[in-house]
Amino acid sequence: MNVATPAAFLAVFLSVVLAGAGQFRSGVDLVSFVVVATDKQGLVTTLTKEDFTIFEEGKPQTIQYFAQGDVTDRLPLRLGLLFDVSGSMGLDIEMSRSAAIKFMNAVEHAKDVTLVDFDTEVRLARYGPDDFPRLIERIRSKKPDGWTALYDAIGVYLNGMAMEEGQKVLVLYTDGGDTRSRMSISQIIDMLQWIDVTVYAIGFIEHQGSARIEQRLRLEQIANATGGAAYFPMSKEQVAEFYDKILAELDGRYTLGYISNSTAKPGYREVEIKVTNPAYKNIKIRTRNGYYAAGKSAPSR
């Protein structure tokens with residue numbers, strides 16, 4: 001699948017989102033955020049609703065939905081795998097391939113898996129649980145070749161998931177380079193602000209020479225915009241360690257919902273979530289920093 005132009009692609013994406021935005025972003029509907037809480041010891045899973053405070057545009061909100069842990073009974077898990085098979089992954093493709101298969105097998109409660117593999121071009125396919133053997137075979141059969149259309153691949157995934165309901169988790173397997181995309185990273189960040197998806201990046205940058213610093217920063221930027229995280233393994237053992245962290249977060253994160261009391265015009269609304277219980281100190285929160293309320297046209301760059 002090829003992407004026409006950045007402007008045209010973004011326009012199509014936003015038209016899809018805005019067509020249904022009123023269903024999820026109206027003044028009487030729940031706004032939900034996925035939250036990961038950590039301290040120096042690691043993941044914190046003992047917080048209650050009363051420990052959190054939510055501010056929208058600086059104004060406190062009333063938490064009306066709270067859950068900790070697995071919420072797949074209410075929101076099915078939609079897992080995405082973004083798999084880089086471009087030529088620059090030649091030295092890392094075996095570790096990346098093995099990592100993707102192991103992680104997919106570990107997430108047993110996913111409703112479906114969307115695979116986006118890319119090189120010069122971008123290809124997308126969705127698999128249900130009964131089709132996972134075909135998915136594994138597709139991952140195993142890919143050989144590194146061509147240029148790298150990373151940003152276009154993320155855009156294609158987001159466009160496909162724009163109107164899907166559920167918990168959306170996207171795991172990137174890439175070296176973080178981009179030599180082909182027509183979309184820019186700033187446009188991808190804009191799209192990520194419209195779609196409630198948590199991105200985890202597994203960055204294989206060890207063999208990327210002087211470019212690895214910039215590629216690391218860009219993967220961190222993409223993940224951080226969604227409340228996710230970026231990891232940079234140097235061995236199979238580290239891949240397993242990072243997977244354990246991601247799986248623990250999926251099982252230990254919080255889901256908070258509220259009905260906005262804001263009277264602001266439609267558009268992007270900044271949201272801050274804090275742990276305000278003084279009994280908990282030095283807790284860090286990871287989540288997205290806002291959402292788009294319906295009625296605003298595409299953000300310009």
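We use all heavy atoms of the structure for the numbers below, so side chains are in, but hydrogens, waters and symmetry mates are not.
Using a 4.0 Å cut-off between charged side-chain N and carboxylate O, R126 and E164 make a salt bridge. Ion pairing between a basic and an acidic side chain is recognised when a charged N comes within 4.0 Å of a carboxylate O; E56 and K59 show no such pairing.
Side-chain contact between M161 and V197 is absent, with no heavy atoms from C-beta onward closer than 4.5 Å. Side-chain contact between T148 and D84: present, with at least one pair of heavy atoms (C-beta onward) separated by less than 4.5 Å. The closest side-chain heavy-atom distance from E249 to Y200 is below 4.5 Å. Taking the side chain as every heavy atom from C-beta outward, T287 and Y254 never approach each other to under 4.5 Å. Using a 4.5 Å heavy-atom threshold, the side chains of F232 and Q238 count as separate.
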Run the numbers on R134 and E137 for salt bridge (Lys or Arg N to Asp or Glu O under 4.0 Å), then give the verdict.
CA-CA 5 Å; R134 288 198 306 115; E137 182 58 32; over 6 Å; no

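Rounding to the nearest 0.5 angstrom, the gap separating the CD1 atom in I195 from the CG atom in D190 is 12.5 Å.
D178 contributes a side-chain N or O that, together with a main-chain N or O of R180, makes up a donor-acceptor pair within less than 3.5 Å.
Surrounding CG of D39 are more than 12 heavy atoms belonging to other residues, nucleotides or ligands, all under 6.0 Å away.
Cation-pi geometry between R74 and Y65 is met: under 6.0 angstrom from the ring centre, within 45 degrees of the axis.
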